[in-house]
Amino acid sequence: MDATLGREVLRLESVSKVYGSGDARVVALNDVSLSVHPGEFVAVMGPSGSGKSTLMNILGCLDVPTSGRYLFGGEDVSTMSERELAHVRNRRIGFVFQQFHLLTAMSAWRNVELPLLYRSAHDRRETAMRALEMVGLSNRVDHRPNQLSGGQQQRVAIARALVTNPDLILADEPTGNLDSASSRDVLALLQEINASGRTIVMITHEHDVAAVARRVLEMSDGRLREGALVT
């Protein structure tokens with residue numbers, strides 16, 4: 001998908017996030033502006049404490065800016081009610097975390113089905129099965145997390161992120177708990193998902209992980225700047 005087509009998936013306009021006051025005042029984000037268009041694969045790279053986690057929380061509608069504006073799908077997030085924000089998080093953003101956050105007592109397909117429980121869909125199992133097939137786990141649908149490798153667990157988590165057909169996949173250090181071989185497999189999967197037209201923003205502190213994205217942004221001391229462009 002051409003990233004120049006269609007309206008922006010998200011836009012940050014001079015966004016800052018400040019915690020505390022006085023001597024305890026911390027500027028986690030400092031006048032950050034960013035646009036992401038449909039079909040882009042953007043990596044945000046930076047060391048610990050650079051502001052990456054704060055940025056992810058704002059992009060994922062888990063936190064709100066102190067100043068500036070965040071538009072998601074053209075809508076100002078600051079005007080949304082808690083119910084509307086929950087709707088965005090559940091249906092329009094797919095989250096992939098470093099910790100897989102799978103429920104150990106549930107099978108793979110049951111874990112993938114979870115986001116669908118908030119809607120009255122009658123084909124939840126079939127939809128979950130299709131998502132698992134997309135990530136190459138159609139032969140592991142009844143396995144529980146402790147019966148899966150770390151790479152397979154992350155694939156389940158990616159399937160869970162895809163199952164609601166979201167506008168944005170937000171991946172936070174998706175290879176942080178994986179060995180090098182599993183990391184390569186998961187990154188290749190994310191590239192495949194992006195090639196199918198999905199929009200991905202990935203947070204990472206590793207150069208080789210960021211290198212799989214088509215656009216790299218670098219974060220330092222709460223500020224964001226364009227990094228090396230990956231072609």
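Just so you know, these numbers come straight off a predicted model, no measurement behind them. Worth knowing before you read on, the calculation uses all heavy atoms, side chains too, and leaves out hydrogens, waters and symmetry mates. Numbers here simply count residues along the sequence, with the first being 1.
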### Query
Under the side-chain contact (heavy atoms from CB on, under 4.5 Å) criterion, do Val156 and Val112 qualify, and how do the steps go?
CA-CA 7 Å; Val156 173; Val112 173; 3.9 Å; yes
### Task
Side-chain contact test, heavy atoms from C-beta onward, threshold under 4.5 Å: evaluate it for His101 versus Arg160 and give yes or no.
yes
### Task
Measure the shortest side-chain to side-chain distance between Asp167 and Thr199 over non-hydrogen atoms and say whether it is less than 4.5 angstrom.
no
### Message
Are more than 12 heavy atoms, taken from residues, nucleotides or ligands other than Glu133, located less than 6.0 Å from that residue's CD atom?
### Response
no
### Task
Establish whether Phe100 and Val141 are linked, either directly or via other cluster members, by ILVMFWY side-chain heavy-atom contacts under 4.5 Å.
yes
### Message
Would Met45 and His205 count as a side-chain contact (heavy atoms from CB on, under 4.5 Å) here? Give the steps.
### Response
CA-CA 5 Å; Met45 189 180 66; His205 67 278; 5.7 Å; no
## Note on the structure
Distance col, row Leu190:CG vs Ile158:CD1, nearest 0.5 angstrom, shows 4.5 Å
### Message
Using a 3.5 Å distance criterion without hydrogens, assess whether the side chain of Thr66 forms a donor-acceptor pair with backbone atoms of Val18.
### Response
yes
### Task
Please identify each residue that fulfils salt bridge (charged side-chain N to carboxylate O under 4.0 Å, His left out) with Arg125, with sequence neighbours left out.
none
### Query
Between Pro115 and Val163, what is the shortest heavy-atom contact and its length?
CG-CG1, 4.0 Å
### Task
Check whether any side-chain N or O of Thr175 sits under 3.5 Å from a backbone N or O of Leu178 as a donor-acceptor pair, and report yes or no.
no
### Task
Supply the atom-to-atom distance Ser196 OG to Met134 CE, rounded to the nearest 0.5 angstrom.
5.5 Å
### Euclidean distance, Gln98 CD relative to Glu173 CD, rounded to 0.5 Å
5.5 Å
### Task
Flag yes if Leu117 and Leu103 sit in one hydrophobic cluster, no otherwise; membership is Ile, Leu, Val, Met, Phe, Trp, Tyr, and two members link when side-chain heavy atoms are under 4.5 Å apart.
yes
### Query
Does a side-chain N-to-carboxylate-O contact under 4.0 Å join Arg223 and Glu218?
no
### Flag, side chain of Asp63 to backbone of Asn57, donor-acceptor distance under 3.5 Å
no
### Task
Flag yes if Leu12 and Val27 sit in one hydrophobic cluster, no otherwise; membership is Ile, Leu, Val, Met, Phe, Trp, Tyr, and two members link when side-chain heavy atoms are under 4.5 Å apart.
no
### Query
If we ignore angles and hydrogens, is there a donor and acceptor under 3.5 Å between the side chains of Asn165 and Arg198?
yes
### Message
Other residues, nucleotides and ligands only: do more than 12 of their heavy atoms fall within 6.0 Å of CG on Asp208?
### Response
yes
### Query
Do Arg214 and Glu40 meet the salt-bridge criterion of a basic N to acidic O distance under 4.0 Å?
no
### Query
Any side-chain donor-acceptor pair under 3.5 Å between Ser16 and Asp31?
no
#### Entry: Side-chain (Tyr70) to main-chain (Leu59) donor-acceptor, under 3.5 angstrom
yes
### Query
Is there a side-chain contact between Leu170 and Ile200 (heavy atoms, below 4.5 Å)?
no
### Query
Should the pair Phe95 and Phe97 be assigned to parallel (<30°), tilted (30 to 60°) or perpendicular (>60°) ring geometry?
parallel
## Note on the structure
His37 and Val9 have their tightest heavy-atom pair at C-CG2, 3.9 Å
### Short side-chain to backbone donor-acceptor contact, Gln154 and Gly151, under 3.5 Å
no
### Closest heavy-atom pair and its distance - Ala108, Leu132
C-CD1, 4.1 Å
### Message
For Met202 versus Leu187, what's the shortest heavy-atom pair and its separation?
### Response
SD-CD2, 4.1 Å
### Task
Step by step, work out the side-chain contact (heavy atoms from CB on, under 4.5 Å) result for Leu116 and Thr164.
CA-CA 7 Å; Leu116 301 175; Thr164 59; 4.2 Å; yes
### Message
With clusters defined by side-chain heavy atoms of hydrophobic residues (ILVMFWY) lying less than 4.5 Å apart, directly or transitively, does Leu85 cluster with Val15?
### Response
yes
#### Entry: Side-chain donor/acceptor of Lys17 to backbone N/O of Thr54, under 3.5 Å
no
### Query
Between Leu168 and Arg92, is any pair of side-chain heavy atoms under 4.5 Å apart?
no
### Message
Ignoring hydrogens and geometry beyond distance, is a side-chain donor-acceptor pair present between Arg124 and Thr127 at under 3.5 Å?
### Response
no
### Query
How long is the gap from CE on Met56 to CD1 on Ile203, to the nearest 0.5 Å?
7.0 Å
#### Entry: Closest non-hydrogen atom pair between Pro166 and Ile169, with its separation
CG-CD1, 3.7 Å
### Query
In terms of side-chain geometry, is the basic nitrogen of Glu8 or Arg11 positioned less than 4.0 Å from the acidic oxygen of its partner?
yes
### Query
Can a salt bridge be assigned to the pair Arg215 and Glu226 using a cut-off of 4.0 Å between side-chain N and carboxylate O?
yes
### Query
Side chain of Asn111, backbone of Met106: donor and acceptor closer than 3.5 Å?
yes
### Query
Tell me, do Thr204 and Val44 make a side-chain contact under 4.5 Å, heavy atoms counted?
no
### Task
Mind checking the OG-CG spacing from Ser35 to Leu71? Nearest 0.5 Å is all I need.
9.0 Å
### Message
On a heavy-atom basis, which atom in Pro174 and which in Val96 lie closest, and how many Å separate them?
### Response
CB-CG1, 4.2 Å
### Message
What's the separation between atom CG in Asp123 and atom CE in Met129, rounded to the nearest 0.5 Å?
### Response
12.5 Å
### Query
Where do Tyr19 and Arg25 land on the side-chain contact (heavy atoms from CB on, under 4.5 Å) test, with the steps shown first?
CA-CA 6 Å; Tyr19 297 101; Arg25 185 174 185 268; over 6 Å; no
### Check: Asp179 main-chain N/O paired with Ser183 side-chain donor or acceptor under 3.5 Å
yes
### Query
Does atom NE2 of His207 have more than 12 heavy-atom neighbours from other groups under 6.0 Å away?
no
### Task
For the pair Ser107 (side chain) and Arg144 (backbone), establish whether a donor and an acceptor sit closer than 3.5 Å, ignoring hydrogens and angles.
no
